[in-house]
Amino acid sequence: MKTKQQKPRRQRRTSSEQRTQRRNLLRKTFSMMLLILCTIPMLGGGLQPIWVIPAAICICMNEDLYFCMAAGVIAGFGIDLACDSILGVNAMYMVILCTAVCLLFAQILRRSFVHYFILTAAGVFLHSALRYLLTVGIFRAEGKEMFWNSILLPSALLTLAAALPVYLLYLPLTRLLTKCVRSMDAAAIRRDF
């Protein structure tokens, strides 16, 4: 007679693994709250920095690819709502930017302020060039030089100045909730969660 082979019982997670899983959930929740809080000051209108670009790049420095893509979608829709642009254009741009930044930090770059600032500057000026291309190039709006000199360039420079406070807000969150993991199973949970 053949005996049925029983499936091995799933082992209960250790307290270290549970703690790591809770810490990851907390970090991701706070990251999304920071991203949403950075969207709120942009809703006032006028010439303001685009706070969500540095916040999204901060998130991309420390998180996995899929979470960064979700953060890019939320950041893009926040920019769309705040800047009165076509719904979804900035979301597509931010998903592409967040994916590229996440892959750069995962494969090539160190997690340092210099790399963060360089990628923020590249992302901000690419965003300004995209807005200029859509507004002036495709929709043929009047006042090309005035639009670049009075709106896009000052907004980009203000966003670069806003990159420092966003980084300083996000740094304690990363240091507090990213601890060394002691077991290999907890490291796998941390990586896959």
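All figures in this text were calculated on a predicted structure; none of them were measured in a lab.
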Could you go through residues 33-49 and list every donor-acceptor pair under 3.5 Å that involves a side-chain atom there, pairing it with any protein atom two or more places apart or in another chain?
from  : atom 1 : to    : atom 2 : distance (Å)
Thr39 : OG1    : Leu35 : O      : 3.0
Gln48 : NE2    : Gly45 : O      : 3.0

Listing, residues 72-82 side-chain donor-acceptor contacts under 3.5 Å, not counting sequence neighbours, or none:
from  : atom 1 : to    : atom 2 : distance (Å)
Asp80 : OD1    : Ser85 : OG     : 2.9
Asp80 : OD1    : Asn90 : N      : 3.3
Asp80 : OD1    : Asn90 : ND2    : 2.8
Asp80 : OD2    : Gly88 : N      : 2.7

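Closest approach of Ser112 to Tyr167, counting heavy atoms only: C-OH, 4.3 Å. Here the closest non-hydrogen pair linking Leu160 and Phe125 is CD1-CE1, 3.6 Å. Taking each heavy atom of Arg110 and Phe105 in turn, the nearest pair found is O-CE2, 3.1 Å. Shortest non-hydrogen contact noted between Leu25 and Thr29 is O-OG1, 2.7 Å.
Follow the hydrophobic side-chain contacts under 4.5 Å out from Val101 and you never reach Leu103; the two are in separate clusters. Clustering ILVMFWY residues whenever any of their side-chain heavy atoms sit less than 4.5 angstrom apart, transitively, puts Met69 in a cluster other than the one holding Ile57. Under the 4.5 Å side-chain heavy-atom criterion for Ile, Leu, Val, Met, Phe, Trp and Tyr, Val95 and Leu87 are members of the same hydrophobic cluster. Using a 4.5 Å cut-off between side-chain heavy atoms of Ile, Leu, Val, Met, Phe, Trp and Tyr, with links allowed through other members, Leu168 and Val166 fall into the same hydrophobic cluster. Ile96 and Leu104 fall into different hydrophobic clusters, where Ile, Leu, Val, Met, Phe, Trp and Tyr side chains are chained together by heavy-atom contacts under 4.5 Å.
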Exercise. Tell me, with the steps shown, if Ile118 and Leu109 meet side-chain contact (heavy atoms from CB on, under 4.5 Å).
Key: CA-CA 11 Å; Ile118 290 171; Leu109 299 176; over 6 Å; no
Practice problem: Applying side-chain contact (heavy atoms from CB on, under 4.5 Å), run through Ser128 and Leu153 and close with a yes or a no. | Solution: CA-CA 7 Å; Ser128 296; Leu153 188 61; over 6 Å; no
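Rounding to the nearest 0.5 Å gives a distance of 9.5 Å between CE of Met61 and CZ of Phe113. Here Arg27 contributes atom CZ and Ile59 contributes atom CD1; the two are 11.0 Å apart, rounded to the nearest 0.5 Å. Taking OH of Tyr66 as the reference point, atom SG of Cys98 lies at 15.5 Å (rounded to 0.5 Å). Taking CG of Leu119 as the reference point, atom SG of Cys60 lies at 9.5 Å (rounded to 0.5 Å). Rounding to the nearest 0.5 Å places CE of Met94 at 9.5 Å from CD1 of Ile50. For the atom pair OH (Tyr116) and SG (Cys58), the distance works out to 4.0 Å, reported to the nearest 0.5 Å.
Cluster partners of Met92: none. The rule joins Ile, Leu, Val, Met, Phe, Trp and Tyr whenever side-chain heavy atoms lie under 4.5 Å apart, and it links nothing here.
Surrounding CZ of Arg111 are more than 12 heavy atoms belonging to other residues, nucleotides or ligands, all under 6.0 Å away.
Using a 4.5 Å heavy-atom threshold, the side chains of Lys28 and Asp64 count as touching.
Side-chain atoms of Tyr170 never come within 3.5 Å of backbone atoms of Pro54 as a donor-acceptor pair (strictly under, hydrogens ignored).
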